[in-house]
Every structure is written in C-alpha cells, then in structure tokens.
Amino acid sequence: MIILQNSLTQLEYDPSTDILYLDWPDTSLFTLEEVKGTLQDTVKAIKDYDIKKLFMDSSQREMNFYDAEFLEVMQEIAYSLLDTRLAKIARITTTDHYREQKVQEAQARAGIHLQVRSFADKETALEWLKDA
C-alpha cells in the first residue's frame, strides 16, 4: 500500500511483513529542505503505522549537499527515530565510497541504537529484514 508519494520518492508499506519501502532517487535535483521534508514525512509514517522495519534503496541517490548540512539533517532524523518502534533498517548501498563513509559517519554521530545494515542487493537485505 502506498502511504506517501511526492516528487522525490514513494513510500510503500507491506503490513504482512511490517516493512516500509523507501526508494531514493538522484537527490541532486532537489533542495536540502525538500529532502529533509521527505525524511520527516518518512518518520511520521513510521510513527503513524508503528513500523518496525525500513528498507531503503539508496543505490541511485546522488547528493549535492555540503557534508555539514547533510550530517545535521541526518542527526535530526536519527533523533526523531528514537521516538518510534523502528528496530531494523536495511540499506542498499552505492559504489560511491565517499558517500557511504558519510552515511557511516552520520550514523555514528547520531548514536542510533537500531540494527542498521548495508547490503549490495535487495534480496539479501529483505531476507535480513524478514528474519525475526
């Protein structure tokens, strides 16, 4: 079931597996405020639907934001997730090692106590999310 659709992304929720699917496009065409707003909408959906598992496909995502700006937004979103029952996040990564390093940095700085793992393919990521 689609619970959010905007110019940036689509959120699809599968109640049978309790997984929220978030596909990130190339965000270089959007402003940081638009990306932040979509992330805030995602957190709201996680709260409203009491979602415990999140699948994020970041493989197509390109960024045009400065490191400090990106880290600040990611920390803010991470703190918002602390008020949810989200337990697992599976990410599909890119081959951009610099960007992946920044994602790891943001996770470490935010101090998220969730199970967060990065994967190269969707099948393995979903298998891990579905595993109780």
Shortest non-hydrogen contact between [X] and [Y], atoms and distance:
X	Y	answer
Trp128	Ile89	CZ3-O, 3.5 Å
Asp41	Leu11	O-CD1, 4.4 Å
Ile92	Ala120	CG2-O, 4.1 Å
Lys47	Ser80	CE-O, 3.8 Å
Ala45	Ile51	O-CD1, 3.8 Å

In short, salt bridge (charged side-chain N to carboxylate O under 4.0 Å, His left out) pairs touching residues 4-15 with sequence neighbours left out are none
Not counting sequence neighbours, which residues clear side-chain contact (heavy atoms from CB on, under 4.5 Å) with [X]? List them please.
X	answer
Lys36	Glu33, Gln40, Val73, Glu76
Glu34	Phe30, Thr31
Ile19	Thr17, Tyr21, Lys53, Phe55, Leu126, Leu129, Lys130

Can you name the salt bridge (charged side-chain N to carboxylate O under 4.0 Å, His left out) partners of [X], sequence neighbours left out?
X	answer
Asp83	none
Asp48	Lys44
Asp18	Lys52
Arg85	Asp50

Kindly say whether Asp23 contributes a backbone atom to a donor-acceptor pair with the side chain of Thr9 at under 3.5 angstrom?
-> yes
Query raised in the report: Would Ile46 end up clustered with Ile2 when hydrophobic side chains under 4.5 Å apart are linked, directly or stepwise?
Result: no
Rounded to the nearest 0.5 angstrom, the OG1-CZ distance for Thr93 and Arg117 is 12.0 Å
Rounding to 0.5 Å, atoms CG (Asp131) and NZ (Lys88) come to a distance of 5.5 Å
Under the side-chain hydrogen bond (donor to acceptor under 3.5 Å, both in side chains) rule, collect the residues that match up with [X], sequence neighbours excluded.
X	value
Gln5	Gln10
Thr124	Asp121
Thr38	Asn6
Ser7	none

Task: From CA spacing to verdict: side-chain contact (heavy atoms from CB on, under 4.5 Å), Tyr49, Leu20 - done: CA-CA 9 Å; Tyr49 288 85; Leu20 179 66; over 6 Å; no
